[in-house]
Amino acid sequence: MSSETSARLLRLLSLFQARRDWTGTELAERLSVTPRTVRRDVQRLRDLGYPVDATPGVAGGYRLGAGSTLPPLLLDDEEAVAVAVGLRSAAAGGALAGIEETSARALAKLEQVLPSRLRRRVGAVNAFTDAIGRRAPLVESEHLAEIAACCRDTESLRFVYRTYDGAESRRLVEPHRMVHVSGRWYLLAWDVNRDDWRVFRLDRMEGPMSRGPRFRARTPPDDAATYVAKSISSSAYSQQARIILHAPESEVAQRLSPMVGIVTPIDESSCELRTGAHGMETLAIHLAFLGYEFTVVEPPGVVEYLRELAERIGRAVASADSAASLPSGPSAHSGPSGGGAEMST
């Protein structure tokens with residue numbers, strides 16, 4: 001096989017991985033060859049183990065199918081760096097447990113074939129990046145895969161669930177979809193025994209997990225991401241609130257995590273925040289530190305706590321101002337000359 005043919009095969013493989021379907025004419029134009037040469041090159045890829053399928057019809061063409069083995073992948077520079085950085089993060093310990101060693105092996109293989117310019121970029125990210133903050137609880141990767149399979153196959157799932165206070169209960173659910181929020185994994189599912197939708201943290205779902213009977217898929221009242229965000233930001237708390245923030249939704253959404261609350265636009269200069277907390281006073285402090293002008297829609301009782309908080313802060317500021325105006329230090333008792341206290345003779 002000539003070097004020209006080899007280069008053309010690599011180019012052809014790159015086109016197949018960039019887009020699913022190609023007509024023979026399109027490939028011939030991209031490669032500057034005849035349709036007959038395309039057919040020959042496709043057969044060469046098949047001989048090398050790449051499952052290239054032909055699509056019939058007048059506008060028939062080719063697509064790269066899925067085979068029994070993983071063929072070599074062609075990545076551009078940005079894709080290679082993204083994969084390497086992702087593998088390095090996983091190897092260092094991310095939200096999933098049990099994939100650190102596998103990620104490290106895959107990263108080692110990738111770094112062996114990276115050009116030096118890309119290896120330096122990946123190395124710089126690793127060398128000059130640190131992480132702070134509390135690490136989220138890890139989720140076993142096999143549990144994630146098992147739950148995803150149940151969602152796909154519409155098979156119910158049995159497990160033991162542990163609440164935040166340590167109470168345990170056996171659950172039978174119809175899993176709908178998983179959502180990843182701020183380092184934690186959540187499952188939205190129909191709870192068969194409670195006859196309602198529920199949100200479960202995956203790190204609190206304990207095994208052994210077992211599959212149950214098949215079920216007919218249901219539709220939740222909101223899309224999974226919205227439902228989970230509402231659940232973890234407000235409905236889990238004893239005190240829930242609706243607040244009008246006097247700021248654009250686009251600005252607020254960038255500053256507030258979905259863990260804080262659900263933000264929906266009202267107009268160009270205001271939006272609504274639904275949030276919650278355990279206790280009125282905690283909710284009042286939470287609202288005071290949002291950093292925006294706001295109006296309380298509900299609950300009305302939080303306004304009284306805000307008033308008390310404002311008065312308390314006002315008294316603290318007044319005390320600080322009074323203390324700052326008092327003379328202090330030895331110079332406060334000095335004589336007119338500015339020296340020490342005047343002595344009698």
Shared hydrophobic cluster for I285 and L306 (ILVMFWY, side-chain gaps under 4.5 Å): no
What is the minimum heavy-atom distance between A217 and T154, and which atoms define it? CB-CG2, 4.4 Å
Could you check whether H246 and S269, counting side-chain N and O atoms only, form a donor-acceptor pair closer than 3.5 Å? no
D41/R8 salt bridge by N-O under 4.0 Å criterion: yes
What distance separates L10 CG from L12 CG, expressed to the nearest 0.5 Å? 9.5 Å
With rounding to the nearest 0.5 angstrom, report the CG to CZ distance, D53 to R46. 7.5 Å
Salt bridge check, D153 against R211: does any charged N sit closer than 4.0 Å to a carboxylate O? yes
Taking the side chain as everything from C-beta on, heavy atoms only, tell me whether M209 gets closer than 4.5 Å to H143. yes
Would you say P220 and H176 make side-chain contact, with heavy atoms under 4.5 Å? yes
Close side-chain approach of V263 and E272, heavy atoms under 4.5 Å: no
Side-chain contact test, heavy atoms from C-beta onward, threshold under 4.5 Å: evaluate it for L256 versus L290 and give yes or no. yes
Note: E26-R19 ion pair, threshold 4.0 Å (strictly below): yes
Are any of the side-chain heavy atoms of Q240 and T275 separated by less than 4.5 Å? no
State whether R119 and E111 are salt-bridged, where the test is any N-O pair (Lys NZ or Arg NE/NH1/NH2 against Asp/Glu carboxylate O) under 4.0 Å. no
Answer yes or no: is there a side-chain heavy-atom contact under 4.5 Å between L283 and Y305? no
Are I262 and I244 connected into the same hydrophobic cluster when the rule is that any two of I, L, V, M, F, W, Y join if their side-chain heavy atoms are below 4.5 Å apart? no
What closest approach, in Å, do T34 and A28 show between heavy atoms, and which atom pair accounts for it? C-CB, 4.0 Å
Heavy-atom side-chain contact between I147 and L187 under 4.5 Å: yes
Residue pair Y161, F200: steps toward the ring-ring contact (aromatic ring centres under 6.0 Å, His included) verdict: CA-CA 8 Å; Y161 192 67; F200 303 94; 5.0 Å; yes
Kindly work out whether a path of hydrophobic side-chain contacts (I/L/V/M/F/W/Y, heavy atoms less than 4.5 Å apart) joins L48 to L15. yes
Report yes if some heavy atom in the side chain of R40 is under 4.5 Å from a heavy atom in the side chain of Q43; otherwise report no. no
Same cluster or not: are V173 and V160 linked, directly or through other Ile, Leu, Val, Met, Phe, Trp or Tyr residues, by side-chain heavy atoms under 4.5 angstrom apart? no
If I take atom CH2 from residue W197 and atom OH from residue Y227, how far apart are they, to the nearest 0.5 angstrom? 8.0 Å
Give me the ring orientation class for W185 and H180: parallel if the planes are under 30° apart, tilted from 30 to 60°, perpendicular past 60°. tilted
Do R307 and E281 meet the salt-bridge criterion of a basic N to acidic O distance under 4.0 Å? no
Under 3.5 Å donor-acceptor, S319 side chain and R315 backbone: yes
Nearest 0.5 angstrom please: L273 CG to L287 CG, how far? 7.5 Å
Would you please test T23 and Y62 for side-chain contact (heavy atoms from CB on, under 4.5 Å) and show each step? CA-CA 6 Å; T23 66; Y62 305 95; over 6 Å; no
Residue pair P265 / C271: nearest heavy atoms and the distance that separates them: CA-CB, 4.0 Å
Kindly compute the distance separating CD1 (I266) from OG1 (T264), expressed to the nearest 0.5 Å. 6.5 Å
Can Y50 be reached from L31 by stepping across I, L, V, M, F, W or Y side chains whose heavy atoms are under 4.5 Å apart? yes
Check ion pair R63-D21 (N to O, under 4.0 angstrom): yes
Using side-chain contact (heavy atoms from CB on, under 4.5 Å), reason through L118 and R121 one step at a time and then give a plain yes or no. CA-CA 5 Å; L118 299 185; R121 289 175 62 183; 3.9 Å; yes
If you measure from the Lys or Arg side-chain nitrogens to the Asp or Glu carboxylate oxygens, is any gap between R117 and D77 under 4.0 Å? yes
Any Lys/Arg nitrogen of E206 or R204 sitting under 4.0 Å from an Asp/Glu carboxylate oxygen of the other? no
Closest non-hydrogen atom pair between A84 and L114, with its separation: CB-CD1, 4.5 Å
Value for SG (C150) from CZ (F215), rounded to nearest 0.5 Å, stands at 8.0 Å
Salt bridge R194-D196, side-chain N to carboxylate O under 4.0 Å: no
Which pair of heavy atoms, one from V38 and one from G24, lies closest together, and at what distance? CG2-O, 4.3 Å
L13/L9 under side-chain contact (heavy atoms from CB on, under 4.5 Å): CA gap, chis, key distance, verdict: CA-CA 6 Å; L13 183 59; L9 288 181; over 6 Å; no
Looking only at heavy atoms, what is the nearest atom pair of M280 and P299, with distance? CE-CG, 3.6 Å
Check against side-chain contact (heavy atoms from CB on, under 4.5 Å), N193 and R171: CA-CA 8 Å; N193 295 326; R171 301 296 183 98; 5.8 Å; no
Look at R162 together with E168 and state whether they make a salt bridge at an N to O cut-off of under 4.0 Å. no
Greater than 12 external heavy atoms within 6.0 Å of R198's CZ: yes
Is a donor from one side chain sitting under 3.5 angstrom from an acceptor on the other, for S210 and R158? no
